[in-house]
Amino acid sequence: MMRRISKLAAPLLLAGIATPAVASDFSLGATASTLGVGLEAGYLLNEHLGLRLGGYALTVNQDGEESGVNYKADLDLANVGLYLDWHPFAGALRLSAGWFATDNGLKATGTPGAGGTYDIGGSTFTAAEVGDLRGDVDLGSSAPFLGLGWVWGRDDGGLAFSLDFGVLFQGSPDVTLTSTGGTLSGQPALQDAIADEETQLRNDLDKYDLYPVASLGLSYRF
């Protein structure tokens, strides 16, 4: 009996040794994208469907000019997204749909333009009249996402590389300008001009309601 069991066990043992280890369905990776730099965790439901959870953040300092006012601005990106990935051919190509919790915004400080004056809402004001001019742009708190991408090596275990493109539908921005410490701060003449300037800035930023997303990623499948 023992000899028969040994004869049956030997092929099974050899088969187990010869069979390569199967990679798990979990992955963890790092990404760099227009949403920020971050981490992603993934899980393959089957050869066609997968889930990803990612968190991304980045701060960018930028100077610019708008309507005769110079701005020093900080763009703060903070995004957490959940994706459903569909691999229609069970290969590298994936189509992604997702939902993001976002905290993206722009904070800016205005300084006088040429001649030491501000051009606000089509009217000219001196630096003394305006005082401190600050701007706050809020890009919303949530947004859907659609994308197209490729991930190479997902079925092999170990390292995988990804490239994705998509659009975040974040909607129209909320723009607020405030003037403090000026001789006309709080006065109708300046407040009306600021309201006109806010409208102009909002119209200029409306093109970012469809925020382009491009992402490069490196992940490891355990």
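Just so we're clear, the structure is a prediction, and the values are computed from it rather than from any experiment. Note that these values count all heavy atoms, side chains included, but never hydrogens, waters or copies made by symmetry.
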In this structure, is the centre-to-centre distance between the rings of F222 and F26 below 6.0 Å?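 Ring centres of F222 and F26 not closer than 6.0 Å.
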Can you tell me how far the CZ atom of F100 sits from the OG1 atom of T102, to the nearest 0.5 Å?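 Going from CZ on F100 over to OG1 on T102, the span is 9.5 Å.
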Would a distance-only check, ignoring hydrogens and angles, find a side-chain to backbone donor-acceptor pair under 3.5 Å from H48 to W86?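 Looks like no, no N/O pair under 3.5 Å.
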Evaluate the side-chain proximity of [Y] to [X]: yes if any heavy-atom separation is below 4.5 Å, no if none is.
{"X": "F169", "Y": "L146", "value": "yes"}
{"X": "T178", "Y": "T176", "value": "yes"}
{"X": "N104", "Y": "Q170", "value": "yes"}

Mind checking salt bridge (Lys or Arg N to Asp or Glu O under 4.0 Å) for E40 and listing every partner two or more places apart, or none if nothing turns up?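 In terms of salt bridge (Lys or Arg N to Asp or Glu O under 4.0 Å), with neighbours along the sequence ignored, E40 is linked to R52.
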Contact summary for G135 and L177, nearest pair of heavy atoms: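 It is CA-CD2, 3.6 Å.
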What class does the angle between the rings of Y83 and Y56 fall in, given that below 30° is parallel, 30 to 60° is tilted and above 60° is perpendicular?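 Ring orientation of Y83 relative to Y56: perpendicular.
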Is the W152 ring parallel, tilted or perpendicular to the W150 ring (thresholds 30°, 60°)?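 Aromatic pair W152/W150 classed parallel.
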Between S96 and D85, do the side chains contain an N or O donor and an N or O acceptor separated by less than 3.5 Å?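 S96 vs D85: donor-acceptor pair found between side chains.
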I'd like to know if the side chain of S179 pairs up with that of S185 as donor and acceptor (distance under 3.5 Å, no hydrogens or angles considered).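 Present: a donor and an acceptor within the cut-off.
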In plain terms, say whether D63 and K72 are close enough for a salt bridge, that is, a side-chain N and a carboxylate O under 4.0 Å apart.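 A salt bridge is present here (some side-chain N lies under 4.0 Å from a carboxylate O).
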From CA spacing to verdict: salt bridge (charged side-chain N to carboxylate O under 4.0 Å, His left out), D74, K107: CA-CA 5 Å; D74 292 329; K107 295 186 181 299; over 6 Å; no
